[in-house]
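Have a look at the structure below, then the notes.
Nothing here was measured: the structure is a model prediction, and the numbers come from that model. All ligand and atom numbering here is 1-based and tracks the order in the structure.
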Amino acid sequence: DPAQPAKKINVNQVAYVPGLAKHATLTSTATTPQTWTLKNSAGTAVATGQTAPKGADAESGDSTHLIDFSGYDTPGTGYTLTVGTETSYPFDIATDAIKRLRYDSLAYFYHNRSGIEIDAQYVGAQYARPAGHLNVAPNQGDNNVPCLSTVPCGYTLDVRGGWYDAGDHGKYVVNGGISAWQVLNTYERAVRIGDAAPLGDGKLNIPEKANGVPDILDEARWEVEFLLKMQAPDGMVHHKIHDQNWTGLPLLPHQDPQARRLSATSTAATLNMAAVAAQAARIWKTIDPAFSAKALAAATKAYAAAKANPNKIADPNDGTGGGSYSDSTLTDEFYWAAAEMFTTTGEAAYRTDLTSSTHFKGKSLNARGFDWGSTGPLGDITLALVPNGLPAADIAAIKSAFTTVADAHLSQMATQGYPAPYRTESYDWGSNGLVANNISVLALAHDFTGAAKYREGVFQGLNYLLGRNPLSYSYVTGYGDQPVKNVHHRHWANQLDATLPTAPAGALSGGPNSALQDPIAARLLTGCKAQKCFVDHIEAYSVNEVTVNWNSALAWISSWAAEKVTT
Ligand code: 9MR
């Protein structure tokens, strides 16, 4: 349950960046401007000004005022904002936190690796654990996994490795795939148009940190190798592998006694793997030509299999022991896979599939954003960033689709008390992941145009995730004065077992979800406004879980933001 009542003054509890706008939110029904004061860590007033009343908005229901203290720009720690008797959480004006978050958000993935011991030397003793799902009792292992008895396949697969999806021990191709893609895209973007030096070898605490290959690639490869193993002999890819029955919390991976089963192959998983393997093939082309060739062969076979089986939908009712991740619209997965295959190979057949798609040139970019079920924009990002054979006019059209959506986000954010780039209706499961992905759209709009307004939008969006929201939570563990502490995770379950740790720093909670899809949320949050449909409770999995796909979005945007801070 909420650790503290919400503050009346909400700030980015971590840090505002020198040289950029600095906005905070006062909750007040006063209709006239109020006097705000900025105090330094000694309690001395260093700036003062007047709030701007904004009235109530649909997302929060709060009547708010804008506090704009952009005029103050002296780096330091322990600042507070006060209005009358109300005081904010303390915050910094500094750049070190965003630089740290770039790496902490990426550390999430090693913590959640399957099939390998998590070694104390990389994560500290409290997070160390034995390898999970290697068929060491009581585990039944991912070594030799049969298909579901309801959809028998006549073979078993060795699908060891990869990342656990979330608080559960399932491994789902459509979600793991977009996550690996986004981690790889963080690197690929930096190589193409940013600064890849901070993403080099030796930057993460992982076993591969001294192998001469950028750690971010080593980490993503752990998942890509798993995705390749999910391919069936006919080229199709199994949708997922997880426990036969749901387990409870807490439960460390190596203690999971449930049988593991492969769900049927699906067209969505097949295209998702094709897309990521094609992306991997070009990234590893010179780094590891053999791996590159293996990935391209798997992608080519998968793409052809998907075209031969274009409508094999994952069973929406296959939700026992793991999530269903079912999606009945596959035109976006076809588009994304064609974009990756074409970018990597230049072949005419992929170009035809790509340019004849209804998604071509950013048509699936919209205000809701993208996620595991909506992957068209991933293709657009690749086409806009990586040189390919398309005419310049097509690339310009793709880039302008990003700026159009980014402008819509900025217009909406200007109306909000707690600006977050996301649609204004109800918030979906994983809204923070959608917000983070939409922040990446703002970031790309800045990449493509250089316009300062988009960079401001990125940092405004980060403010929301880091505490400038109506519940006064930093949704990133370990960051801010009131970070979420009780995320839904079977190992980081300190709320249930004091001998277990809370989450390590840098994990993004799923965040507000208007649909209240778990019993705790349903009991505590009835009638909530979108941005308030959240509780920091470990069993509230529909609002407070963590997953690879939300953390890959956090890693992408924090890496971008770290690149943009200059001091
Ligand atoms: O992130 C998924 C969200 O988009 C869906 O609405 C939800 C219900 O199907 O499932 C979410 O994914 C969960 C998955 O089913 C099981 N592992 C944890 C995932 C995050 O909560």
Given the protein's heavy atoms, is any one of them under 4.0 Å from atom 15 (O) of ligand 1?
yes
Kindly check if the number of other-residue, nucleotide or ligand heavy atoms within 6.0 Å of NZ (Lys532) is above 12?
yes
Note: Asp256-Arg490 ion pair, threshold 4.0 Å (strictly below)
no
I'd like to know if Glu223 pairs up with Arg113 as an ion pair, taking the criterion as any Lys NZ or Arg NE/NH1/NH2 lying under 4.0 Å from an Asp or Glu carboxylate oxygen.
no
Which atoms from ligand 1 have a heavy atom of Ala166 less than 4.0 Å away?
17 (N), 18 (C)
How far is atom 1 (O) of ligand 1 from the closest protein heavy atom, and which atom is that?
Trp550 CZ2, 3.7 Å
Give the numbers and elements of all ligand 1 atoms closer than 4.0 Å to a heavy atom of Asp165.
16 (C), 17 (N), 18 (C), 19 (C)
Short version for Tyr164: what comes under 4.0 Å of ligand 1, heavy atoms counted, is neither
I want to check something: taking the side chain as every heavy atom from C-beta on, are Thr547 and Tyr172 in contact at a cut-off of under 4.5 Å?
no
Lys240 bridged to Asp165 by N-O distance under 4.0 Å
no
Check each of Tyr325, Trp372, Tyr172, Trp429 against atom 6 (O) of ligand 1 and report the one with the nearest heavy atom.
Trp429
Identify, by atom number and element, the atoms of ligand 1 in contact range of Asp168, meaning under 4.0 Å from any of its heavy atoms.
16 (C), 17 (N), 18 (C)
Between OG on residue Ser440 and CD1 on residue Ile381, distance to nearest 0.5 Å:
5.0 Å
When you measure from atom 20 (C) of ligand 1 to every protein heavy atom, which one gives the shortest distance, and what is it?
Thr547 CG2, 3.2 Å
Parallel, tilted or perpendicular, as decided by the 30° and 60° cut-offs, for the rings of Tyr541 and Trp429:
tilted
Give me the residue, atom name and distance of the protein heavy atom closest to atom 18 (C) of ligand 1.
Glu545 OE2, 3.2 Å
